[in-house]
There are 2 protein chains.
Amino acid sequence: MDPARTHKKVPVAELNRSACLGPDGAVAQVTRCLKMISGRWKLPILFRLYADGMQRSSLLLRDIPDISQKMLTQHLRELEADGLIRRTDFGEKPPRVEYRLTDRGEGLMPVLLSARQFSEDYDQLA
Amino acid sequence: MDPARTHKKVPVAELNRSACLGPDGAVAQVTRCLKMISGRWKLPILFRLYADGMQRSSLLLRDIPDISQKMLTQHLRELEADGLIRRTDFGEKPPRVEYRLTDRGEGLMPVLLSARQFSEDYDQLA
DNA sequence: CCGTATCCCAATAGATACTG
DNA sequence: CAGTATCTATTGGGATACGG
């Protein structure tokens with residue numbers, strides 16, 4: 001134990017001091033998660049797909065207020081590259097493409113629920 | 001029920017379709033949470049304070065690699081404005097100022113733990 | 001219907017130098 | 001030691017027009 005740091009604060013088991021720091025510590029892990037969901041339209045898209053299941057891009061474009069064609073496609077690409085959603089091109093004419101959450105995407109929901117809970121508790125605290 | 005949307009996907013109780021959307025829905029709540037922790041140095045600072053308890057700014061500056069004086073102060077101000085940390089000026093000479101997590105700040109930890117868990121599970125999935 | 005390519009603007013962050 | 005002030009670089013987002 002570093003003698004220069006004798007704090008009374010006891011870190012919880014899952015998040016002790018050594019687990020927090022360093023290149024592959026908690027900071028890096030959380031940062032990676034946050035990067036996947038950072039972007040103006042990531043959350044609206046993810047929640048839409050979670051609520052609706054597989055969905056055509058034209059419907060996403062219609063149901064997400066103020067999003068543009070370009071931004072929709074761009075964010076869909078990023079989410080796909082991160083393995084959170086899967087793209088299915090039916091190869092029809094006129095074009096029909098649908099998106100849905102992957103297992104990884106579903107695995108993100110507890111994080112979002114947790115963040116939502118924090119936000120609700122926040123107003124109660126002070 | 002909208003006839004154009006007959007999906008088999010059943011939303012969980014805490015996160016059903018009506019709770020996801022709209023101006024005060026889950027998207028807005030999660031977004032607010034994310035805004036509080038978005039910023040290059042927010043996580044390192046929060047984890048530091050969580051692990052170490054009350055801490056002088058000079059020690060934060062020393063222990064967080066690559067952070068500059070300016071960025072440290074700037075992010076500390078933002079975290080304070082969001083009520084996640086508390087600043088204590090001891091009014092001594094030479095100056096001594098310390099920071100620590102508030103109850104709101106502590107309440108953020110479950111979110112960060114959840115995100116960390118997701119990041120670990122992520123590699124196992126595919 | 002679905003996607004791409006350009007160009008532009010605002011927000012964020014970093015380097016550096018300075019003050020009580 | 002703790003904090004501020006400028007200036008500049010980079011990034012993310014948006015408007016618009018075009019293509020398969």
Side-chain angles (χ1 to χ4, degrees), chain A residues 4-5 27-28 30-46 48-49 52 54-82 84-100, chain B residues 4-5 27-28 30-46 48-49 52 54-82 84-100:
Chain A
R5 214 181 307 282
V27 170
V30 176
T31 298
R32 181 164 71 136
C33 176
L34 292 185
K35 283 180 80 97
M36 293 186 194
I37 57 179
S38 64
R40 177 77 179 77
W41 305 103
K42 294 281 181 71
L43 291 179
I45 292 172
L46 289 170
R48 255 299 162 206
L49 292 180
D52 295 344
M54 210 170 196
Q55 192 69 290
R56 296 187 65 151
S57 41
S58 57
L59 288 186
L60 292 173
L61 189 60
R62 193 197 62 186
D63 290 341
I64 300 176
D66 297 330
I67 195 174
S68 68
Q69 175 77 249
K70 177 205 164 183
M71 293 311 291
L72 176 61
T73 301
Q74 178 178 314
H75 282 86
L76 286 171
R77 290 286 166 283
E78 294 174 8
L79 290 168
E80 191 190 8
D82 284 329
L84 298 178
I85 66 174
R86 171 151 36 249
R87 179 182 188 272
T88 304
D89 188 337
F90 290 89
E92 301 176 356
K93 269 202 79 167
R96 176 166 158 244
V97 177
E98 298 195 4
Y99 295 88
R100 69 181 203 75
Chain B
R5 213 182 308 280
V27 171
V30 176
T31 298
R32 179 165 72 136
C33 176
L34 292 185
K35 283 180 81 96
M36 292 186 196
I37 57 179
S38 64
R40 176 78 179 77
W41 305 103
K42 294 281 182 72
L43 291 180
I45 292 172
L46 289 171
R48 253 301 161 204
L49 292 181
D52 294 344
M54 210 172 197
Q55 192 69 289
R56 295 187 67 149
S57 42
S58 57
L59 289 185
L60 292 173
L61 189 61
R62 192 196 63 186
D63 291 341
I64 301 176
D66 296 331
I67 196 174
S68 67
Q69 174 77 247
K70 177 205 163 184
M71 294 310 291
L72 175 62
T73 302
Q74 178 178 315
H75 282 88
L76 286 172
R77 290 287 168 281
E78 294 173 9
L79 291 168
E80 191 188 8
D82 284 329
L84 299 178
I85 66 175
R86 171 153 34 250
R87 179 182 188 273
T88 304
D89 187 339
F90 289 89
E92 301 176 355
K93 269 200 82 163
R96 175 165 158 243
V97 178
E98 298 195 5
Y99 295 88
R100 67 181 205 77

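Convention: sequence-line order gives letters A, B, ...; per-chain numbering from 1.
Proximity of A:Asp52 to A:Leu59: side-chain heavy atoms (C-beta onward) are nowhere separated by under 4.5 Å. With contacts defined as side-chain heavy-atom distances shorter than 4.5 Å, the pair A:Leu49/A:Leu79 does not qualify. At a threshold of 4.5 Å between non-hydrogen side-chain atoms, the residues B:Ile37 and A:Val30 do not count as touching.
Atom pair B:Tyr99:OH and D:dC1:P shows a separation of 15 Å (rounding to whole Å applied). Distance CG (B:Leu76) to P (D:dA2): 11 Å, rounded to an integer number of Å. Here the P atom of nucleotide D:dC1 and the CD atom of B:Gln55 are 14 Å apart, to the nearest Å. Summarising the geometry, the separation between CD1 on B:Ile45 and P on D:dA2 is reported as 14 Å, rounded to the nearest angstrom. Atom pair B:Ile67:CD1 and D:dG3:C1' shows a separation of 14 Å (rounding to whole Å applied). Rounded to whole Å, atom C1' of D:dC1 lies 12 Å from atom CZ of B:Arg87. Protein atom CE of B:Met71 is 18 Å distant from nucleotide atom P of D:dA2, rounded to whole Å. Counting to the nearest Å, the P atom of D:dG3 and the CD atom of B:Glu92 are 14 Å from each other.
An OP1 or OP2 oxygen of D:dA2 is reached within less than 4.0 angstrom by no side-chain nitrogen or oxygen of B:Arg62. Phosphate proximity of D:dG14 to A:Arg40: present, with a side-chain N or O under 4.0 Å from OP1 or OP2.
Among the nucleotides D:dG14, D:dC1, D:dA2, the one closest to any side-chain atom of A:Trp41 is D:dG14.
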From CA spacing to verdict: side-chain contact (heavy atoms from CB on, under 4.5 Å), A:Gln74, A:Arg77: CA-CA 5 Å; A:Gln74 178 178 314; A:Arg77 290 286 166 283; 5.8 Å; no

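Around atom CG of A:Asp66, no more than 12 heavy atoms belonging to other residues, nucleotides or ligands sit under 6.0 Å away.
One finds the CZ atom of A:Arg87 at 9.0 Å from the CG atom of A:Leu76 (value rounded to the nearest 0.5 Å). Between A:Met54 atom CE and A:Tyr99 atom OH the span is 10.5 Å, to the nearest 0.5 Å.
Nearer the 5' end of DNA chain D, as judged by each residue's closest nucleotide, is the contact made by B:Ser58, out of B:Ser58 and A:Gln74.
Residue B:Phe90 is out of contact with every strand shown, counting any heavy-atom pair closer than 4.0 Å. Contacts of B:Ser68 with the nucleic acid, taken as non-hydrogen atoms under 4.0 Å apart, are absent.
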Using atom names, set out every protein N or O paired with an N or O of nucleotides 17-20 of chain D below 3.5 Å, distance rounded to 0.1 Å.
none

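Nucleotides of DNA chain C that come within less than 4.0 Å of any heavy atom of chain A span, from the 5' end to the 3' end, C:dC1 to C:dT6.
Looking at every heavy atom in both residues, A:Thr31 comes nearest to A:Val27 through OG1-O, 2.6 Å.
In this structure a side-chain-to-backbone donor-acceptor pair under 3.5 Å is present from A:Lys42 to A:Ser38.
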